[in-house]
Amino acid sequence: MHVAMIGTGYVGLVSGACFADFGHQVTCIDKDASKIERLRAGGIPIFEPGLEALVAQNVRAGRLSFDTEAAASVKAADAVFIAVGTPSRRGDGHADLSYVYAAAEEIADLLDGFTVIVTKSTVPVGTGDEIERRIRARRPDADFAVVSNPEFLREGAAIEDFKRPDRVVVGIEDERARPVMSELYRPLYLNETPIVFTGRRTSELIKYAANAFLAMKITFINEMADLCEAVGADVQQVAKGIGLDKRIGNKFLNAGPGYGGSCFPKDTLALVRTATDAGSPVRLIETTVAVNDARKKAMATKVSAVSGDLKGKTVGVLGLTFKPNTDDMRDAPSLDIIPALQAQGARVQAFDPEGTHEAQALLKDVEFRADPYAVAQGADALVIITEWDQFRALDLDRVKSLMAQPVLVDLRNIYSPEDVRSRGFRYSSIGRA
Ligand SMILES: NC(=O)c1ccc[n+]([C@@H]2O[C@H](COP(=O)([O-])OP(=O)(O)OC[C@H]3O[C@@H](n4cnc5c(N)ncnc54)[C@H](O)[C@@H]3O)[C@@H](O)[C@H]2O)c1
């Protein structure tokens, strides 16, 4: 099949490379000429494990190419994917659909023969209807079907998630789209991946319901962690004790500093707005959003609670991205925690294995250092915000010898309290005595 992927970001590039690897002929398109130039030169604009090799392999095989212009590939395409961003609209939290509609209108002008237009971007219920209406208004003669096919991949494990997903969701209103979508995902049929065909609106809502549920699950265990601290219980064991119940499951029960990232914050907020507008408010999600926002900001007080007044002190921060194995800084907890530390008078020095470049543009007055030990140097407290593997086995004796005061605040519970304390640290973590 011929595929045109409009938008070559985290989702578009991974999806495009994986479809090419399935054997399809894929062109990834982006307005950002520097991105396309870099890809054409054999580079990768984002950090995602395994992606560079997958892209190179499929470019070499002649199945994957990159372009700033959509015309040729959209005309030749059986399926055109829209994988552009849908950030929070400034001011009201609705999903900003301007990139989606701009892409749809651009596609409309280029349609040639029956084409399936697939929305991979996360879009509110009814967006597929509106895309169809806009294309029809612009090109009454065009022959097309608009499909919803939300993406569930996780950054950091994106290729594995795309190639071995728990399920694929496809929302169609025109039966002609079914064989096209089935053919695109044929390799997954062979793996017996469930392909859930549904109506378009239902498919759009499934994506938001999934993200909102996961955000709520994280927020639930975070509140349990606070309660554990208040009553002298251990949240890791609470998580294990409830997670073994198959109805609950053990995933997404790691207490931490609050969820962040490119999806949960904006998608929970957008769902709240959609539901309010529809007259059917989702109070659990409203509360999830409020609890999580407050939590991220409150994490700075965990530092002063162990190290005392932060005025004039130096705080070292390990990990800035919203999770490990990505360079994505969108809505990362570090963006709330670091300014809150600075507001208490702390000087911040930080290190992230892949996110420094992105972080530099977003964080003010932070000194970026070259490795974890350089961050520990002279620090009055060391805070682990993101659980990169390389932070899990630090030489704690060396860390202690470098620090001005041996204070470790572990917001991801990656160390054992007994072990760290036995080495002479004052140690604080999440939901553990
Ligand atoms: N990042 C994730 O982990 C993830 C997971 C699942 C779903 N999603 C959803 O997928 C969508 C894309 O997310 P992302 O993280 O890949 O975003 P991104 O910002 O990384 O990429 C979007 C790309 O689209 C390009 N673009 C915008 N308008 C364009 C146009 N008219 N023509 C060509 N290119 C255009 C931008 O230049 C950018 O490179 C969002 O709706 C997001 O919610 C993201």
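Values below: every heavy atom of this structure, side chains too, minus hydrogens, waters and symmetry copies. Each ligand, and each atom within it, is numbered from 1 in the order the structure gives.
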Atom 2 (C) of ligand 1: which of K323, E155, K35, E105 has the nearest heavy atom?
E155
For the pair K120 (side chain) and I6 (backbone), establish whether a donor and an acceptor sit closer than 3.5 Å, ignoring hydrogens and angles.
no
For ligand 1, which atoms sit closer than 4.0 Å to a heavy atom of S262?
1 (N), 2 (C), 3 (O)
For atom 21 (O) of ligand 1, what is the nearest protein heavy atom, given as residue, atom name and distance?
G9 CA, 3.2 Å
Please identify which atoms of ligand 1 are closer than 4.0 Å to at least one heavy atom of G85.
22 (C)
From M329 CE over to L362 CG, what is the distance, rounded to the nearest 0.5 angstrom?
5.5 Å
Do the charged groups of R154 and D161 touch, with an N to O distance under 4.0 Å?
yes
Going by the atom numbers of ligand 1, which of them fall below 4.0 Å from some non-hydrogen atom of C263?
2 (C), 4 (C), 5 (C), 8 (N), 44 (C)
Which ligand 1 atoms does K207 reach within 4.0 Å, using its non-hydrogen atoms?
6 (C)
What protein heavy atom sits nearest atom 41 (O) of ligand 1, and how far off is it?
T86 OG1, 2.5 Å
Could you tell me whether F213 and F252 have their ring centroids closer than 6.0 angstrom?
no
Considering residues, nucleotides and ligands other than R186, do more than 12 of their heavy atoms fall under 6.0 Å from its CZ?
no
Checking M216 against T219 for the side-chain contact (heavy atoms from CB on, under 4.5 Å) test, could you report, in this order, the C-alpha distance in whole Å, the side-chain angles of both residues, the deciding distance, and whether it holds?
CA-CA 5 Å; M216 190 174 68; T219 304; 5.6 Å; no
Heavy-atom contacts with E151 under 4.0 Å: which atoms of ligand 1 show up? List them by number with element.
6 (C), 7 (C)
Aromatic ring centroids of F19 and F81 under 6.0 Å?
yes
min-distance protein heavy atom vs atom 5 (C) of ligand 1 -> L153 O, 3.5 Å
As an exercise, identify every atom of ligand 1 less than 4.0 angstrom from a heavy atom of K266.
42 (C), 43 (O)
Flag if over 12 foreign heavy atoms under 6.0 Å of CD, Q57:
yes
Measure A102 to ligand 1 on non-hydrogen atoms and call it side chain, backbone, both or neither using the 4.0 Å cut-off.
neither
Among protein heavy atoms, which lies nearest atom 9 (C) of ligand 1, and at what distance?
T122 OG1, 3.5 Å
E106 heavy atoms, cut-off 4.0 Å: which ligand 1 atoms fall inside?
31 (N)
Between R154 and ligand 1, which part of the residue brings a heavy atom under 4.0 Å of the ligand: side chain, backbone, both or neither?
neither
Measuring from the heavy atoms of R330, does anything fall under 4.0 Å of ligand 1?
yes
Please lay out, stage by stage, how D352 and W388 fare under the test side-chain contact (heavy atoms from CB on, under 4.5 Å).
CA-CA 8 Å; D352 189 277; W388 285 88; 3.1 Å; yes
Mark yes or no for whether T321, through its side chain, and K323, through its backbone, hold a donor-acceptor pair below 3.5 Å.
yes
Looking at F220, I want to see if its CZ is surrounded by more than 12 non-hydrogen atoms of other residues, nucleotides or ligands under 6.0 Å.
no
To which protein heavy atom is atom 16 (O) of ligand 1 closest, and what is the distance rounded to 0.1 Å?
V11 N, 2.8 Å
Given I107, D328, D30, which has its nearest heavy atom closest to atom 23 (C) of ligand 1?
D30
For ligand 1 and Y10, I'd like to know whether there is a polar contact (N/O to N/O, distance under 3.5 Å).
yes
Just checking D245: does its CG atom have more than 12 heavy atoms from other residues, nucleotides or ligands closer to it than 6.0 angstrom?
yes
For atom 30 (C) of ligand 1, what's the nearest protein heavy-atom neighbour? Residue, atom name and distance, please.
K31 CG, 3.5 Å
the protein heavy atom lying closest to atom 28 (N) of ligand 1 turns out to be V84 CG1, 3.5 Å
For atom 24 (O) of ligand 1, which protein heavy atom lies nearest, and how many Å away is it?
G7 CA, 3.4 Å
For ligand 1, which atoms, with element, lie under 4.0 Å from some heavy atom of A83?
12 (C), 22 (C)
Can you confirm whether Y99 is buried at OH, in the sense that more than 12 heavy atoms of other residues, nucleotides or ligands lie under 6.0 Å from that atom?
no
